[in-house]
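Have a look at the structure below, then the notes.
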4 protein chains.
Amino acid sequence: MPKVGMEPIRRKQLIEATRDSIGEVGFAATTVQSIARRAGVSSGIIAHYFGNKMGLLEATMRELLAQLKLDLMQRLPENPTPEQRLNAIIQTNFSKTQVDPLSAKTWLAFWSSAMHEPAFAQLQQINKQRLHSNLKFAFKAMAISDPDLAAASLAALIDGLWLRGALSPEGIDAERCVQLCRRHIDLIRDAQ
Amino acid sequence: MPKVGMEPIRRKQLIEATRDSIGEVGFAATTVQSIARRAGVSSGIIAHYFGNKMGLLEATMRELLAQLKLDLMQRLPENPTPEQRLNAIIQTNFSKTQVDPLSAKTWLAFWSSAMHEPAFAQLQQINKQRLHSNLKFAFKAMAISDPDLAAASLAALIDGLWLRGALSPEGIDAERCVQLCRRHIDLIRDAQ
Amino acid sequence: MPKVGMEPIRRKQLIEATRDSIGEVGFAATTVQSIARRAGVSSGIIAHYFGNKMGLLEATMRELLAQLKLDLMQRLPENPTPEQRLNAIIQTNFSKTQVDPLSAKTWLAFWSSAMHEPAFAQLQQINKQRLHSNLKFAFKAMAISDPDLAAASLAALIDGLWLRGALSPEGIDAERCVQLCRRHIDLIRDAQ
Amino acid sequence: MPKVGMEPIRRKQLIEATRDSIGEVGFAATTVQSIARRAGVSSGIIAHYFGNKMGLLEATMRELLAQLKLDLMQRLPENPTPEQRLNAIIQTNFSKTQVDPLSAKTWLAFWSSAMHEPAFAQLQQINKQRLHSNLKFAFKAMAISDPDLAAASLAALIDGLWLRGALSPEGIDAERCVQLCRRHIDLIRDAQ
DNA sequence: TATGAATGAGCCTTCATTCAT
DNA sequence: TATGAATGAAGGCTCATTCAT
């Protein structure tokens with residue numbers, strides 16, 4: 001049923017179908033056909049809106065990044081204290097959207113592919129650096145002696161918890177992860 | 001020219017070629033032919049020694065795990081103190097073999113695939129739990145109040161540092177990672 | 001913004017775009033979309049005016065033939081002498097329109113396709129016979145002993161020169177071709 | 001039925017199937033599958049021996065060229081007179097192999113494609129120049145005043161006759177073509 | 001024990017055509 | 001009259017697997 005002005009609708013549909021497919025059956029088993037079927041459209045439409053499969057995958061990863069950024073923004077009050085900032089970051093990274101198995105698996109799939117796919121690698125780097133600088137900014141404001149080290153430490157902890165959770169059959173225990181991160185921050189601050 | 005007693009040689013050859021191929025060109029670009037070419041043998045030989053491609057991949061992951069285990073054993077003195085045990089674990093995880101980009105990328109590729117490949121998932125779980133219980137054992141011996149939590153925290157830190165390093169263009173800075181882990185242990189111990 | 005009386009304009013636009021596309025990127029790379037883009041219209045319009053792609057291609061070949069015919073008419077004086085007729089034919093076949101690389105390539109593409117496309121084959125035959133009978137008529141009037149043979153010979157020479165020119169990277173050297181044809185006619189006449 | 005030493009057999013099989021397919025159904029309708037089916041093998045084998053479809057097409061054109069060259073060699077006596085050389089060239093170009101509709105159509109298809117396919121264009125140029133220089137050599141030895149012009153003329157005549165024949169439903173009338181070429185040579189010589 | 005020829009399913013992509021607007 | 005969204009078939013290519021030698 002051809003319509004006009006379908007572009008934003010279709011793009012959203014296809015990106016969601018892509019994320020779902022990667023999350024459910026994995027990166028390797030995600031084919032153009034599997035995505036199209038999931039979205040309830042024909043396979044040809046992907047070329048129409050995204051040029052090719054890679055274009056759709058890239059758009060999907062961008063969407064995940066945008067979502068993460070938006071999540072954080074919404075959790076940050078105006079002029080947040082360092083503690084509020086750290087809290088917001090932690091909670092964003094273990095929020096429902098990030099922790100839901102579909103997204104988690106999709107993230108990990110992209111990370112893994114990023115190692116040999118420049119287009120993904122670049123996006124991946126953006127994400128990595130954004131987390132690091134956000135954390136560093138907060139630690140600096142808290143007058144932590146080596147904010148860079150503290151940031152690296154907490155960033156790794158977040159990613160590690162997230163990774164282990166994503167790989168675990170039970171999924172991510174968000175509450176426990178948040179608790180572990182908080183405790184880590186307390187240790188860092190108390191050590192000053 | 002068929003020879004006898006080639007099995008262990010061929011298996012080693014092929015497993016190494018597999019690890020190198022995954023590390024260098026990625027999981028997706030690693031084909032039976034690319035592995036065979038790298039090993040300097042014909043593609044048919046894989047079926048002969050490993051049944052099929054999956055068999056070879058599984059054997060390769062097993063080999064990585066065995067290597068990691070062996071590394072740790074060799075670093076552990078007899079009757080190690082808890083500190084010695086933690087040190088050995090940390091150093092093993094950031095040892096040359098683990099930190100070299102080929103292995104790191106291969107590990108991550110397997111992890112990512114593990115999410116949808118039961119054979120990999122099982123091996124992955126073994127690894128995860130081994131690290132956790134090793135750490136927990138040490139923390140218990142150190143009379144840390146919640147050794148489970150401490151182990152989860154340090155395990156996540158190790159994996160997170162390792163993950164971020166593997167994804168970084170510069171590779172893993174082993175020394176810095178070890179330092180961060182030590183500092184984390186100090187914080188935990190001092191907080192008691 | 002639909003307009004009335006657009007038919008002749010659109011048809012011309014599309015036929016020109018088709019010829020340009022075939023000439024520039026070749027028959028195989030000429031798609032409905034590439035034609036529409038070149039003509040600055042949407043792809044759907046082709047079905048509207050020509051039924052389908054084949055209809056447009058056929059119309060394009062017809063246009064080339066009509067152009068050739070018109071060219072000849074304009075070069076023929078009233079009641080031409082046989083020599084004038086031969087001259088006009090030769091000059092028409094190596095005129096700017098025919099010699100320009102776009103047209104030459106388009107002609108050859110159609111010829112090649114004609115071998116397996118009845119619609120093109122028919123048009124192609126018309127062209128071939130027109131040239132032959134025009135030449136024969138002139139040679140007869142010149143009292144050449146075997147006008148049929150002479151016509152076949154000159155027709156082949158014209159087509160051969162044209163073919164070799166079209167295939168040559170430098171394009172067709174019209175002047176030299178005309179000279180060669182004239183010389184051929186001289187030889188035939190002198191041999192009587 | 002896998003065998004060893006099949007390469008030359010398979011290559012020949014596939015090249016013949018390609019020529020037959022192009023000749024029978026045309027360049028556009030010649031698919032990897034249609035070739036494989038004709039050769040009685042699977043489609044994958046083309047990649048095995050020729051890399052890809054283009055590799056096979058190129059090999060096919062090379063084969064046609066080689067055949068033409070061989071044909072000429074076999075017709076040339078040792079130390080041929082100029083007349084013998086010209087005769088051999090003419091007869092080769094209108095020999096059974098060249099005149100059979102399959103080959104003729106295949107040649108024309110390649111010529112047409114050559115305009116936009118550098119790989120074909122190069123081969124096509126070789127052929128064109130070989131014919132020209134062969135003719136020129138003979139005309140020079142006959143003390144024709146402008147051997148270059150004479151060669152261009154006869155080359156065009158040969159190609160033109162061949163082209164018109166290939167495009168004609170009745171195929172090429174080899175005898176008549178040879179006769180026309182001979183007459184052309186006579187005219188050139190007598191005009192000295 | 002080892003080769004590599006051969007298969008064929010499945011992938012991504014291209015593209016003529018259709019049709020609601 | 002005109003658009004361009006949408007379809008789906010068909011193409012070329014890749015690749016794990018099989019198997020005669």
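Values below: all heavy atoms of this structure, side chains included; hydrogens, waters and symmetry mates excluded.
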- Specify the closest pair of heavy atoms between A:Ala59 and A:Arg11, including all atoms of both residues, with the distance to one decimal. CB-NH2, 4.3 Å
- Query: Under 3.5 Å, side chain of A:Ser113 to main-chain N/O of A:Ala109, donor-acceptor pair present?
  - Reply: yes
- Rounded off to whole Å, could you give me the CD-to-C1' distance for the B:Gln13 and E:dA2 pair? 12 Å
- Item | Under 4.0 angstrom between C:Arg10 side-chain N/O and F:dA2 OP1 or OP2 | yes
- CZ of B:Phe27 versus P of F:dC15: gap in Å, rounded? 14 Å
- Query: Start at the 5' end of DNA chain E and walk down; is the nucleotide closest to C:Ala29 or to A:Gln33 reached first?
  - Reply: A:Gln33
- So which heavy atom on A:Thr106 is nearest to which on A:Ile22, and how close? CA-CG2, 3.7 Å
- Item | Residue that, paired with D:Met61, satisfies side chain to side chain contact (heavy atoms under 4.5 Å, CB included) out of D:Asn127, D:Leu123, D:Thr18 | D:Leu123
- Give D:Val32 one of three labels, base, sugar-phosphate or nothing, depending on what nucleic acid heavy atoms sit under 4.0 Å from its own. sugar-phosphate
- Item | Strand-adjacent residues in residues 34-57 of chain A, judged by heavy atoms under 4.0 Å from DNA chain E | A:Ala47, A:Asn52, A:Lys53
- Task: State the pairing partner of E:dT21; accept Watson-Crick or G-U wobble contacts with both distances under 3.5 Å, and report none otherwise.
- Result: F:dA2
- Given B:Lys105, B:Arg38, B:Arg19, the one that forms side chain to side chain donor-acceptor pair (under 3.5 Å) with B:Glu24: B:Arg38
- Salt-bridge criterion met for D:Glu63 and D:Lys12 (N-O under 4.0 Å): no
